[in-house]
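Below is one structure, written out as structure tokens; comments come after it.
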Amino acid sequence: MPTSHHAPPKFETVLYEKTGPICRITLNRPEKLNAATDQLVEEVNDALFEFDADPELQVAILSGAGRAFCSGADVQQRQLRTPEEMRRLGGPAGRRSRENGLSDTVNWKPVIAAVHGYALGLGYSLSQSCDLVVAAEPALHWVATWFWTGSRFANEVALTGRMFTAEEALQHGMVNQVVPRAELGSAAETLAHQIIDNPPLAVRANVRVMRWFVNEMQRQSKLYTQGRGLHLTEDFRESAAAFVEKRKPTFKGR
């Protein structure tokens with residue numbers, strides 16, 4: 001049976017475990033539904049780098065501890081930065097925080113997202129940046145921020161901001177499988193072993209090409225939307241304040 005061991009405790013918000021050729025990276029702020037602080041995002045990306053650089057590892061499974069995968073950015077720490085800090089850092093994410101370390105890999109090993117409960121905002125984009133996604137039913141709802149379907153469904157969610165279920169995500173090709181919550185871990189492992197059965201260099205060549213398309217789309221999107229500075233608007237501040245105060249926001253279009 002493969003041995004399982006943990007990395008040094010330098011990760012405070014992420015669990016990092018190796019079992020044979022499989023690496024498990026678990027978002028570990030369950031009391032906050034794994035809301036993403038600057039530290040959590042940095043540590044997820046550092047963990048993905050460790051996985052990518054470790055010659056013993058072939059596939060990673062990314063999941064969340066507790067009741068949800070990730071409830072999005074930690075609004076208290078990110079969206080409620082002062083306008084001056086937002087201006088200085090270039091946005092709520094902060095300067096040091098790389099949103100997606102998967103675009104910086106060297107060895108292009110595949111990563112599977114095993115998602116349950118909420119995957120909102122940054123949590124959704126993190127899951128969708130992985131190469132394969134297994135979701136637990138009923139997987140409550142997901143708020144989409146980036147869309148990979150190229151369909152009217154994506155436009156609808158973008159313009160209404162509505163939530164959608166794992167089953168809808170499967171229907172529109174956003175996830176690979178939807179399984180009962182109790183089977184989520186084993187379904188991700190089965191997928192990992194199916195990948196491991198194939199020639200590693202061929203697998204990584206495919207991953208590299210797949211991520212190139214995603215990264216190119218994001219790059220062009222940023223070029224098209226940069227300069228809007230929406231994080232500096234009154235409406236952005238109102239949205240964050242309303243979330244914290246658990247009330248409906250009042251937007252003014254400025």
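For the numbers below, each heavy atom of this structure counts, side chains included, while hydrogens, waters and symmetry mates do not.
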Could you tabulate the donor-acceptor pairs under 3.5 Å formed by side-chain atoms of residues 173-187, not counting sequence neighbours?
unit_1 : atom_1 : unit_2 : atom_2 : d
Asn176 : OD1    : Val133 : N      : 2.8
Ser186 : OG     : Glu183 : O      : 3.1

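Phe11 and Tyr16 have tilted rings, their planes meeting at an angle from 30° to 60° on a 0 to 90° scale.
To the nearest 0.5 Å, atoms OH (Tyr124) and CZ (Phe164) are separated by 4.0 Å. Rounding to the nearest 0.5 Å places CD of Glu234 at 5.5 Å from NZ of Lys252. Atom SG in Cys70 sits 5.5 Å away from atom CG in Leu122 (nearest 0.5 Å).
Of the listed residues (Lys32, Glu43, Arg29, Gln39), just one forms a side-chain hydrogen bond (donor to acceptor under 3.5 Å, both in side chains) with Thr13, and that residue is Glu43.
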Item to check | side-chain contact (heavy atoms from CB on, under 4.5 Å) assessment of Ile112 paired with Leu62 | outcome: CA-CA 6 Å; Ile112 301 169; Leu62 180 64; over 6 Å; no
Next on the checklist: Run Leu15 and Leu27 through side-chain contact (heavy atoms from CB on, under 4.5 Å) and show every step you take.
Outcome noted: CA-CA 7 Å; Leu15 300 176; Leu27 311 183; over 6 Å; no
Item to check | Lys248/Glu238 under salt bridge (charged side-chain N to carboxylate O under 4.0 Å, His left out): CA gap, chis, key distance, verdict | outcome: CA-CA 10 Å; Lys248 192 176 175 66; Glu238 165 65 8; over 6 Å; no
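Tracing side-chain contacts under 4.5 Å through hydrophobic residues (I, L, V, M, F, W, Y), one never reaches Leu33 starting from Val41; they form parts of separate clusters.
Taking 4.5 Å as the limit, every side-chain heavy atom of Ile196 sits out of range of all side-chain heavy atoms of Val203. Contact of the Pro21 side chain with the Leu57 side chain is not registered, since no non-hydrogen atoms from C-beta on lie closer than 4.5 Å. Using a 4.5 Å cut-off on side-chain heavy atoms (C-beta onward), Asp131 and Arg211 make contact. Side-chain atoms of Val115 and Val134, non-hydrogen and from C-beta on, never get closer than 4.5 Å to each other. The side-chain heavy atoms of Glu168 and Phe153, taken from C-beta on, include a pair separated by under 4.5 Å. By the 4.5 Å heavy-atom criterion applied to side chains, Ile25 and Val111 are not counted as neighbours. Residues Asn34 and Thr26 have side chains not in contact (no heavy-atom distance under 4.5 Å, counting atoms from C-beta outward).
A distance-only check finds no donor-acceptor pair linking the side chain of Asp52 to the backbone of Leu48 [under 3.5 Å]. Distance alone, capped at 3.5 Å, is enough to place a donor-acceptor pair between the Thr37 side chain and the Leu40 backbone. Remark: the backbone N or O of Phe51 is paired with a side-chain donor or acceptor of Lys109 at under 3.5 angstrom. Put simply, the side chain of Asp54 gets close to the backbone of Glu56: a donor and an acceptor are under 3.5 Å apart.
Here His116 and Phe69 keep their ring centres 6.0 angstrom or further from each other.
In terms of heavy-atom proximity, Ala53 sits nearest to Asn107 at CA-ND2, 4.1 Å. Closest non-hydrogen pair, Gly66 versus Pro30, comes out as CA-CB, 4.0 Å. Across Ala166 and Ala136, no two heavy atoms sit closer than the pair CB-O, 4.0 Å.
Evaluation of the side-chain hydrogen bond (donor to acceptor under 3.5 Å, both in side chains) test over residues 189-207, restricted to residues two or more places apart or in two chains, returns Arg24-Glu189.
With sequence neighbours left out, Gln171 forms a side-chain hydrogen bond (donor to acceptor under 3.5 Å, both in side chains) with no residue at all.
Arg67 and Glu31 are not joined by a salt bridge, as no carboxylate oxygen comes within less than 4.0 angstrom of a charged side-chain nitrogen. Classification of Arg254 and Asp235 as a salt-bridged pair fails, no side-chain N sitting under 4.0 Å from a carboxylate O.
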